[in-house]
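Below: one structure, written as structure tokens.
The figures here come from the full heavy-atom set of this structure, side chains too, leaving out hydrogens, waters and symmetry mates.
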Amino acid sequence: MLTLRSRIRVLRPRLPGLFLICATMDQKILSLAAGKSVDRLQEFLQTLKEDDLVNLLQSEAVKGEAVGAFLRAIFKGSPCSEEAGALRRLKIYTCCIQLVESGDLQNEVASEIIGLLMLEAHNFPGPLLVELANEFVDAIKEGRLMNGKSLELLPIILTALVTKKENLAYGKDELSGEESKKQLINTLCSGRWDRQYVIQLTSMFKDVPLTAEEVGFVMEKVLKMFSKLNLQEVPPLVYQLLVLSSKGNRKKILEGIIAFFNELDKQHNKEESGNELLEVVTVPSGELRHVEGTVILHIVFAVKLDCELGKELLKHLKAGQQGDFSNNICPFSIALLLSLTRIQRFEEQVFDLLRTSVIKNFKDLQLLQGSKFLQNLVPHRSCVSAMILEVVQNSVHSWDHVTQGLVELGFILMDSYGPKKILDEPIETSLGLSKTPKQHACTLGANILLETFKIHEMIRQEILEQVLNRVVTRASSPISHYLVLQSCSSKVTETFDYLSFLPLPTVQGLLKAVQPLLKVSMSMRDSLILVLRKAMFASRLDARKSAVAGFLLLLKNFKVLGSLSSSQCSQSIGVSQVFVDVHSRYNSVANETFCLEIMDSLRRCLGQQADVRLMLYEGFYDVLRRNSQLANSIMHTLLSQLKQFYEPQPDVLPPLKLEACILTQGDQISLQEPLDHLLCCIQHCLAWYKSRVLPLQQEEEEEEEGFYQDLDDMLESITSRMIKSELEDFELDKSADFSQSTGIGIKNNICASLVMGICEVLIEYNFSISNFSKNKSEEVLSLFTCFKKLSDILNEKAGKGKTKMTSKTHDSFLSMNFVSELLTALFRDSTQSHEESLSVLRSSSEFMHYAVSVALQKVQQLQKTGHVSGPHGQNPEKIFQNLCDITRVLLWRYISIPTSVEESGKKEKGKSISLLCLEGLQKIFSAVHQFYQPKIPLFLRALDGLDDEGEDVEVSVTQRAAFQIRQFQRSLLNLLSSQEEDFNSKEAVLLVSVIASLSKLLEPSSPQFAQMLSWTSKICKENSREDASFCKGLMNLLFSLHVLYKSPVTLLRDLSQDIHGHLGDIDQDIEMEKTNHFAMVNLRTAAPTVCLLVLSQAETVLEEVDWLIIKLKGQLSQETVSEEASSQATLPNRPIEKAIIMQLGTLLTFFHELVQTALPSGSCVDTLLKDLCKMYTILTALVRYYLQVYRNSRGIPKIMEKLVKLSGSHLTPLCYSFISYVQNKKTRSLKHTGGKKKEKAAAVAMAMARVLRETKPIPNLIFAIEQYEKFLIQLSKRSKVNLMQHMKLSTSRDFKIKGNILDMVLREDEDEEDEHDEDTASEHEGQNKEPAKKKRKK
């Protein structure tokens, strides 16, 4: 296309008088146009050649002064009613478009020209409009546009075309104006678009009246152009698309935008992951995020103006939840949804959608992890939590519109799925991994808040405010997730005012979380101290305990100059306890004053209730360990406290004033001084002080000698005098009163508890300092004898009482570290020099038994609370180390001396040491799996002990676990080889539990796992034991392994045949052939044990199948309507459909066996009826899926027809027979309730209640069967395949009068009437109700 200026340059040398001629001509045209007669103007224009007119127009356009008047004059003299005038107009239009596109005109002139052309376009005849539009389309397709200014005219031309009602020639066809417009748009959208005009072309369509189909053409074309544009050009194009969305196809636009950015994100993540290091990163991260943020803002703005767009977005993303949502839910769509929460009407819906998506995703992942069957069918699903956390990271790029939504989502997840109890469990269980989907969702909420808190400074104040509000109002929020920063100190200070009113666990959690702040903000520390001092004298006991907890925390974390460094004493508080050394030098002196002030405050607590003192004693050891310069102050405090209850005279027995520890107020007797805890605290502090501080202070030894020597002497004296003391000295012999109903009894119980605690503390003290001397071992044994006597008396008295309230477990005072050392010494120490002293302790089997039982108690405490009592009880590292040591000893002891060997030589009551060891191992494996999963490789390596370091690297967790499993397998085989009467059920159950725990560590794809499965299967097949609990444990193990190997449906079918064989048929005339797939199934274990287990497993399989059907339906709803897309999209579903039908077919044979089995009344029948109901519900869901499939012109597979045939022949008729069997059985049980009049009436009432309860599932089952048949009829009609030919309509619920039964019942009634008139009335009442119910249920 020649530009105007170049054409003028060509004309100048040849025609020097042209401009003069043009000037006179245009004046003449303007003067004629100004006149009243149009005819003269027309005649003049007709005399002009086309080229002359074009040259005139060009010269006027260049001058730009009177181009508007000139054009109006030409249009006036070129009426469209005449062919010549219309053609002249067409030529002028073509010329003007070229002028405008040339870019040589001034903007004002170009705009004026386009404006005039727009005004006159409607006057064109239809054919010329088509020709003009085609010229535009060709120019666009061929890339002849220069600046796109003339595109403003195209929508006017297309709009004008719609108004033409006559048929117009379009190519070889004749089309109406509307059809011509459609054809033009189709041609335009199928052609090539120059990248620079995409936005203008899209913008143009908003002014064209479009049908839904035409909008579809345009959308498809524009969405394809996304990938060809520069990233910065995408937001304005999205804006134009959103404007266009008001014409329809909103869903397509949103789908396209989300899919484009999802793909871009995936590509960007791949590049960043380093797989393509050699290639240049196509899009910088910052640029991509800014573009995404702008696009999100555009969409949110569009939704504000058009709420239908918002509804469509939610609908689209909800639909994606059902199928594979990875195409719909992605970081971009999540960010978009979170931005949408700023619009009030969508806020609740969006959060609800995100919350359900999160929990559904976690449930799906849990389902997939637990089933090899599903893993083979469904590829790895996307993780919503990872996407949300990615959005948090992306929000750093000025996504302010997303951050508010993120914060709210975090709190919604924590509020919805957080712990409900007011306990400190949430903080403790965070040691272990989250187990349930709800725990995962709560953890995700906490992570969202934590990451948002770190990234966005502006939002920190709000997050903290909301957290603290929840801490104060709910007192159950897991607040340890938040690292509180300086900018929020005012809010924290406000919260301190509520400390006195909060539960103790909440106060401890809150103070741990704010502890780093206290080191940096002096004003906050002072505020806390004021609050704690007030709380110290509050009326509420919890408030005073909170004050002690607060003061102890401060003492632990404000180090005094000269204290041991934190590396010398292991820390146990966790990630938030990072020391801030901003005032390490000059403030250490201030810290000393500050700490001594706190110590003064704490000394006042020693005059308060036992609970407050107890907290203090439990906390002093940690303070000493973290702040060793306070040793003098702490030790002197403890010494002066002990002196109050210590008898200084060496010959006075007992050595302690127990009476002074008990407070009597009228009838109320309570403990005032927990002397056992005081001694325990002294013993641990003293041991630590002697081992850590004294070696570093040899110069000042004389100075320091004082208090620790005094304490040592006192403990020695108490030991020797406690050994000499008899129970009578404490007034606690067998004749003493220990009942909880009398004051003396309560007092004696408190005293006994104190004496037992003191004995345990002294046992640990003397063994620790003994250095394996024989004398000390004898003292330890004497102390244990005293402890044992008291323990036996208390147990005996508790056993005689009607309630066993007094026999609650006494928490041992032995520390876990000491227990591990004691067990190692007793069982594994073979050092010659230690032999003499240890043989004293080993000679007492009771002491050995006690040592193992304390270890067991410690592990139980760990399982329940996540920590143990005593020093380092809150330190996961120390606990883990002790667990490894204890496990090694218990494992050696159990394997070396089997229970059978030990029990053959013992006549005592209670569990043997070997059995206790096994129970300990079972609980330890469970605790390690719960709390220390990342450390399992270290744990297993610690158990081996003897392996080479070189080998350690190569030996996998699976191999180590398999080695341990083999040891327990041998023990179980030995046990099973014994006679039935010698079979130790408890040991067998524990062994199975241990093997089950260890088998979780095996990799399902490993040969060891396959061996484990085949071994378990073999045990179940070859061993018959009439022990229900052992059978249950073993079968559970078999199923848990089998589901990770393949689907258990064939296993279920075999087991159901065994159950049927052992229990017999519902038709007593049928003689059963017993199958014997599994010897573990016998008459004793078949029902309810095995029956309930297989039904539970069948229910799980049904849930998996249901999940797959829902997934298929979701994918079906996402498919396009077009046949090609449909046929292509559904091909991958064939394997899933086949797998579903195969599963249901095998389950059908499983139920076929069970519904013919004479199951005992109760839970088995109830569960079977419910599972049958579920089976039919899922069959119905599958039929409905095929109804939906049939709409997409796909047939029903033959395998589905076979399944329907099988259900009709093998299940439905038998279900009705089983229902009749159940109802008849209930009727018989009612008849057999005999006895005296009152007893009989009560028995009938109870039987009736049981009947009503147990037959409740029957109507639901019948309804489910009829629903299945109803949808089968619909599918038969639609598919033209008679699926009902194998279905027999049941007559089970028809009303029948069975004459022989009626005669028999009437005769019985007459006989009973003669004997018991009154009885008969109640009998009739019962019998009249039963047939009525029977008719309804049948």
Check your understanding: Are the side chain of E673 and the backbone N or O of Q644 linked by a donor-acceptor pair below 3.5 Å?
Key -> no

Point to revise | Proximity of H677 and F813 rings by center, below 6.0 Å | key: yes

Exercise for review: Assess the side chains of S791 and Y850: does a donor N or O sit below 3.5 Å from an acceptor N or O?
Suggested key: no

Exercise for review: Return yes if some donor-acceptor pair links the side-chain N/O of Q863 with the main-chain N/O of S926 below 3.5 Å, else return no.
Suggested key: no

**Study point:** Polar side-chain atom of N749 near backbone of F738 as donor-acceptor pair, under 3.5 Å
**Key:** yes

Point to revise | Atom NZ of K657: over 12 foreign heavy atoms under 6.0 Å | key: yes

Exercise for review: Determine, stepwise, if the pair L638 / C685 fulfils side-chain contact (heavy atoms from CB on, under 4.5 Å).
Suggested key: CA-CA 10 Å; L638 293 172; C685 289; 4.2 Å; yes

Exercise for review: List the atom of R603, the atom of S633, and the distance in Å for their closest heavy-atom pair.
Suggested key: NH2-OG, 2.8 Å

Check your understanding: Yes or no on side-chain contact (heavy atoms from CB on, under 4.5 Å) for Q964 and L891, after CA distance, side-chain angles and deciding distance?
Key -> CA-CA 9 Å; Q964 298 299 342; L891 186 59; 3.2 Å; yes

Check your understanding: What distance do I995 atom CD1 and L998 atom CG have between them, rounded to the nearest 0.5 Å?
Key -> 8.0 Å

Point to revise | F983 ring center within less than 6.0 Å of F1030 ring center | key: yes

**Study point:** Output field: ring centroids Y932/F939 closer than 6.0 Å
**Key:** no

Check your understanding: Among Y621, W688, F818, which one satisfies ring pair (Phe, Tyr, Trp, His ring centres under 6.0 Å) with H872?
Key -> Y621

Exercise for review: Mind checking the SG-CG spacing from C786 to L781? Nearest 0.5 Å is all I need.
Suggested key: 12.0 Å

Review point. Is there a donor-acceptor contact under 3.5 Å from the side chain of S782 to the main chain of I723?
Key: no

Exercise for review: Would you sort out whether S812 and E760 count as a side-chain hydrogen bond (donor to acceptor under 3.5 Å, both in side chains), showing the intermediate values?
Suggested key: CA-CA 7 Å; S812 175; E760 283 194 309; 2.9 Å; yes

Study note, to complete from the structure: Per side-chain contact (heavy atoms from CB on, under 4.5 Å), V623 is matched among L602, L552, L553 by L552

Review point. What do the steps show when you test Y894 against E987 for side-chain hydrogen bond (donor to acceptor under 3.5 Å, both in side chains), and what is the final call?
Key: CA-CA 11 Å; Y894 177 73; E987 186 178 4; 2.5 Å; yes

Check your understanding: Would you call K789 and D792 a salt bridge, taking side-chain N to carboxylate O under 4.0 Å as the test?
Key -> no

**Study point:** Pairwise side-chain contact, L918 with F968, heavy-atom cut-off 4.5 Å (strictly under)
**Key:** yes

Point to revise | F620 CZ to I682 CD1 distance, which is reported to the nearest 0.5 Å | key: 10.5 Å

Check your understanding: So, does S839 use its side chain to make a donor-acceptor pair with the main chain of E836 at under 3.5 Å?
Key -> yes

**Study point:** Test item: R893 side-chain N/O and R828 main-chain N/O as donor-acceptor pair under 3.5 Å
**Key:** no

Review point. Any ion pair linking E835 and R842 (charged N to carboxylate O, less than 4.0 Å)?
Key: yes

**Study point:** Spacing of I763 atom CD1 and L814 atom CG [to the nearest 0.5 Å]
**Key:** 6.5 Å

Point to revise | Test item: S837 side-chain N/O and F772 main-chain N/O as donor-acceptor pair under 3.5 Å | key: yes

**Study point:** Approximate separation, where rounding is to 0.5 Å, of L711 CG and Y689 OH
**Key:** 11.0 Å

Check your understanding: Is any side-chain heavy atom of P655 closer than 4.5 Å to a side-chain heavy atom of M722?
Key -> yes

Practice item. Dump the intermediate steps for side-chain hydrogen bond (donor to acceptor under 3.5 Å, both in side chains) on D1027 and S1029, then the final yes or no. Key: CA-CA 6 Å; D1027 187 279; S1029 53; 2.9 Å; yes

Point to revise | Heavy-atom side-chain proximity of F827 to I913 below 4.5 angstrom | key: yes

Point to revise | Side chain proximity check, C681 to E618, heavy atoms < 4.5 angstrom | key: no

Check your understanding: Heavy-atom distance under 4.5 Å between the side chains of C661 and F645, does that happen here?
Key -> yes

Check your understanding: Is any side-chain N of the basic residue among R626 and D622 closer than 4.0 Å to the acidic one's carboxylate O?
Key -> no

Review point. Would you say R613's side chain and Q608's backbone share a donor-acceptor pair under 3.5 angstrom?
Key: yes

Point to revise | R544 to F537 six-membered ring, cation-pi geometry met (6.0 Å, 45°) | key: no

Point to revise | Atom CD of E731 with >12 non-hydrogen neighbours under 6.0 angstrom | key: no

Check your understanding: Sub-3.5 Å donor-acceptor pair from the side chain of D729 to the main-chain atoms of E726, do we have one?
Key -> yes

Exercise for review: Identify whether the distance between the nearest side-chain nitrogen and carboxylate oxygen of K747 and E659 falls below 4.0 Å.
Suggested key: yes

Exercise for review: Measure the shortest side-chain to side-chain distance between L663 and L671 over non-hydrogen atoms and say whether it is less than 4.5 angstrom.
Suggested key: no

**Study point:** Side chain proximity check, F730 to S725, heavy atoms < 4.5 angstrom
**Key:** yes

Point to revise | Criterion side-chain hydrogen bond (donor to acceptor under 3.5 Å, both in side chains) on T719 and N766, from CA distance to verdict | key: CA-CA 8 Å; T719 301; N766 283 287; 3.1 Å; yes

Check your understanding: So K774 and E778, side-chain contact (heavy atoms from CB on, under 4.5 Å) or not? Walk me through it.
Key -> CA-CA 6 Å; K774 188 180 178 184; E778 286 168 351; 3.5 Å; yes

Review point. Can Q709 and D713 be counted as having a side-chain donor-acceptor contact under 3.5 angstrom?
Key: yes

Review point. Should the pair K690-D712 be classified as a salt bridge under the 4.0 Å nitrogen-to-oxygen rule?
Key: yes

Check your understanding: Does CZ belonging to R540 count more than 12 external heavy atoms closer than 6.0 Å?
Key -> yes

Review point. If we only count heavy atoms from C-beta on, is the K986 to N984 side-chain gap below 4.5 Å?
Key: yes

Point to revise | Atom CD1 of I744: over 12 foreign heavy atoms under 6.0 Å | key: no

Review point. Can you tell me how far OG of S844 sits from CZ of F784, rounded to the nearest 0.5 angstrom?
Key: 5.5 Å

Practice item. Can you see which heavy atom on L616 is nearest to which on C605, and at what distance? Key: CD2-CB, 4.1 Å

Point to revise | Donor-acceptor under 3.5 Å (T887 side chain, L883 main chain) | key: yes

